[in-house]
Every structure is written in structure tokens, then in C-alpha cells.
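Below is one structure; the comments refer to it alone.
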Amino acid sequence: LLLSITAAAPATAQDSSRATELYHIFDIRTTAARADVIRALQDGMNPNISQSDTMTPLVMGTPPETPARFTLVNPFENSPYAGFISTSQLSTIKQARCDGAVWISSAVRKVRGSQQLMITLCLFPYVEGYQLDVYAIDIKEKGGGLDARLGRALGQAIVGNSDNWTNKTILDVVRYVRTTTGASVTYVEGQPEFTGTPWEEGIQLAPSAADKNTVDTAPAPTGAQPN
């Protein structure tokens, strides 16, 4: 491992990062009290994250017929200062707004020198239960000198691919809600999209094979139409 790294990289190299946005929406139907659902969400998230900030907004009135949905806000959109911000930095500035949510959490999973996963979770009530919207920005560090590359290689050898931990971090939240409240969970949509029903598996210490199964459902370009 060490020989391959030293042969592939100079002692100093350019630092870079790769940011990927993703989202998932889960439908949660349960008769459990709202406080119990919120507690389960938090307990399912805590083992896989480094820090979190949560808020339980006051939402008055009866639940709507259909759940609300998160929206993305870019505070620097159409701003003259946007040109001074790198592409990866600009993605981290995006904010997920959760108007109408009864629980909002902003969480971060950090793997030093390798990954920073920033997640926003929004719990939207409606007459038949809840929908959990998850928006995340997955930032992976690339390049760097020999020390940085060696650290990432050793980390991956120990804990595995960071992509699998991204999926596990999200799925464990849903798994915990399902097992502790008896909720019925279905997948609404996402990008990339989970395949199968991985949230029905038990929580494990490391990512399972089911955690790794996603498919890119983004529509492909249709191309120019022939004359």
C-alpha cells in the first residue's frame, strides 16, 4: 500500500475537493407520538455524525393533506460576490429550507483529511404520517501531499469507502425510526435512488451490501432532434 502511494504521488501535490449533492425522501406512517418519532430520528443519527444542531419549530393547526417539501436557497445567487467563491465552496453555502417542518436537523460527519458530509433533515407532517426529506452535500478531499494521501488510504483500508458511509448515515436514521416506533416506511424518491428496501435491515456497525445499492436516476439528455 505504502509503495503504491509513494510511487503515484509526489511529496507535495495540489489540494482539491469534490462536492456532490444528493437528496432522499421517505414516507413514514406511524401512530407514535410526534415526540417519540423525533427522538428516534435523533437517536438514529447520532452514532454516525460528528455534530448536529436541531430545532423543533412550532407548527400550528391540523396537518395538511399532502406533506411539504424542502427547497434550496442559494444566498449568493445573482450576487456580484459569487465570482469570488469556488464551485465547491458555493455548494456548501446552499441552504435547505424546511418551511412547515416539525423537526429540522443540520448535521455533519467529518473524516479528517478525507470527507465532510453535511446533512439537513426535515420532518414534514401530514394527515397520514410524516415525510422525511434528507438533503446532503458530500465533500471529498483529493490530492495533497504524501501525508494526506497516506492518511486517506489508511482510513479507507480501515473503514471502507466513504460513499457507503454516506448511505449508512442516512439509512440508519430511517431504520431506527422504523424499529422503535413500528412505522411503515416507503421510499418516495431520491438522487441517486436507493434500490430495494435497505431500511428494513437491522443496524450494523459497518455499511452492509444493501447500503451500497443506489442507481443514478437523473434523466439523460435527449440530444438534438434530427432535421
Side-chain angles (χ1 to χ4, degrees), residues 1-2 5 9 12-24 26 38-55 70 72-76 85-98 101 103-123 132-177 190-192 194 198-199 203-208 210-212 214:
L1 175 64
L2 179 58
I5 294 172
T12 58
Q14 182 182 10
D15 289 322
S16 62
S17 63
R18 303 289 184 269
T20 303
E21 293 179 275
L22 56 112
Y23 82 98
H24 299 285
F26 299 89
I38 291 174
R39 187 178 304 111
L41 289 168
Q42 189 69 50
D43 290 345
M45 181 176 60
N46 285 338
N48 295 315
I49 62 170
S50 307
Q51 65 185 62
S52 67
D53 296 305
T54 63
M55 181 173 64
F70 79 96
L72 290 179
V73 177
N74 183 352
F76 281 91
I85 304 174
S86 69
T87 303
S88 60
Q89 288 175 325
L90 195 59
S91 66
T92 65
I93 296 173
K94 279 187 180 179
Q95 300 172 352
R97 292 189 56 176
C98 307
W103 177 79
I104 304 168
S105 181
S106 297
V108 178
R109 170 183 168 83
K110 292 182 180 179
V111 180
R112 185 177 179 181
S114 177
Q115 180 196 32
Q116 180 172 240
L117 176 66
M118 299 183 293
I119 309 177
T120 301
L121 302 97
C122 319
L123 185 67
L132 178 66
D133 290 19
V134 183
Y135 169 72
I137 302 173
D138 191 358
I139 303 174
K140 296 180 179 64
E141 296 184 18
K142 304 288 185 180
L146 179 59
D147 288 346
R149 290 171 181 262
L150 179 59
R152 282 195 295 272
L154 291 176
Q156 184 165 330
I158 295 171
V159 302
N161 192 318
S162 61
D163 287 341
N164 301 332
W165 282 95
T166 296
N167 294 341
K168 174 178 167 58
T169 299
I170 296 169
L171 288 169
D172 278 359
V173 176
V174 183
R175 287 168 176 149
Y176 206 87
V177 171
Q191 182 56 246
F194 285 117
W199 52 88
I203 296 177
Q204 302 179 27
L205 292 177
S208 67
D211 294 337
K212 305 173 185 179
T214 59

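When reading the values below, keep in mind they use all heavy atoms of this one structure, side chains included, and skip hydrogens, waters and symmetry mates.
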>> By the salt bridge (Lys or Arg N to Asp or Glu O under 4.0 Å) test, which pairs, at least two apart or in different chains, include something from residues 43-53?
In response: none

>> Run the side-chain contact (heavy atoms from CB on, under 4.5 Å) test on Phe70 and Ile104 for me, step by step, so that the C-alpha distance in whole Å, both residues' side-chain angles and the decisive distance to 0.1 Å come before the verdict.
In response: CA-CA 11 Å; Phe70 79 96; Ile104 304 168; over 6 Å; no

>> For the CD atom of Gln51 and the CG atom of Asn46, what is their distance to the nearest 0.5 Å?
In response: 12.0 Å

>> Ignoring hydrogens, what is the shortest heavy-atom contact between Gln42 and Thr54? Give both atom names and the distance.
In response: OE1-CG2, 2.8 Å

>> Set out, in order, the CA-CA distance, both residues' side-chain angles and the distance that settles side-chain contact (heavy atoms from CB on, under 4.5 Å) for Val174 and Leu132, then state yes or no.
In response: CA-CA 9 Å; Val174 183; Leu132 178 66; 4.2 Å; yes

>> side-chain contact (heavy atoms from CB on, under 4.5 Å), that's the test. Do Ser105 and Leu41 meet it? Break it down for me.
In response: CA-CA 9 Å; Ser105 181; Leu41 289 168; over 6 Å; no

> Partners of Asn48 by side-chain hydrogen bond (donor to acceptor under 3.5 Å, both in side chains), sequence neighbours excluded?
Replying inline: Asp172

> Closest approach of Lys212 and Asn167, non-hydrogen atoms and distance?
Replying inline: CA-ND2, 4.3 Å

> Can you name the nearest heavy-atom pair linking Trp165 to Thr169, along with the distance?
Replying inline: O-OG1, 2.7 Å

>> For Lys110, is there any backbone N or O sitting under 3.5 Å from a side-chain donor or acceptor partner on Ser50?
In response: yes

> Which residues satisfy the ring-ring contact (aromatic ring centres under 6.0 Å, His included) test with Phe194, sequence neighbours excluded?
Replying inline: His24, Tyr187

> Any idea which heavy atoms bring Pro207 and Lys168 closest together, and the distance?
Replying inline: N-CD, 3.7 Å

>> As a quick check of understanding, evaluate side-chain contact (heavy atoms from CB on, under 4.5 Å) for Arg109 and Ile119, giving each step before the final call.
In response: CA-CA 8 Å; Arg109 170 183 168 83; Ile119 309 177; 5.9 Å; no

> Out of curiosity, Gln116 CD to Ile139 CD1, how far, rounded to the nearest 0.5 Å?
Replying inline: 5.0 Å

> Between Asp211 (side chain) and Ser208 (backbone), is there a donor-acceptor pair under 3.5 Å?
Replying inline: yes

> How far apart are the closest heavy atoms of Tyr135 and Ala96, and which atoms are they?
Replying inline: CD2-CB, 3.9 Å

>> Please report the interatomic distance OG1(Thr166) to CG(Leu22), rounded to the nearest 0.5 Å.
In response: 7.0 Å

>> Would the distance check show the side chain of Arg175 and the main-chain N or O of Pro198 forming a donor-acceptor pair, the cut-off being under 3.5 Å?
In response: yes

>> Quick check for you: to the nearest 0.5 Å, what is the distance between Asp138 atom CG and Glu21 atom CD?
In response: 11.0 Å

>> Can you tell me how far apart CG (Leu171) and CZ (Phe26) are? Round to the nearest 0.5 Å.
In response: 5.5 Å

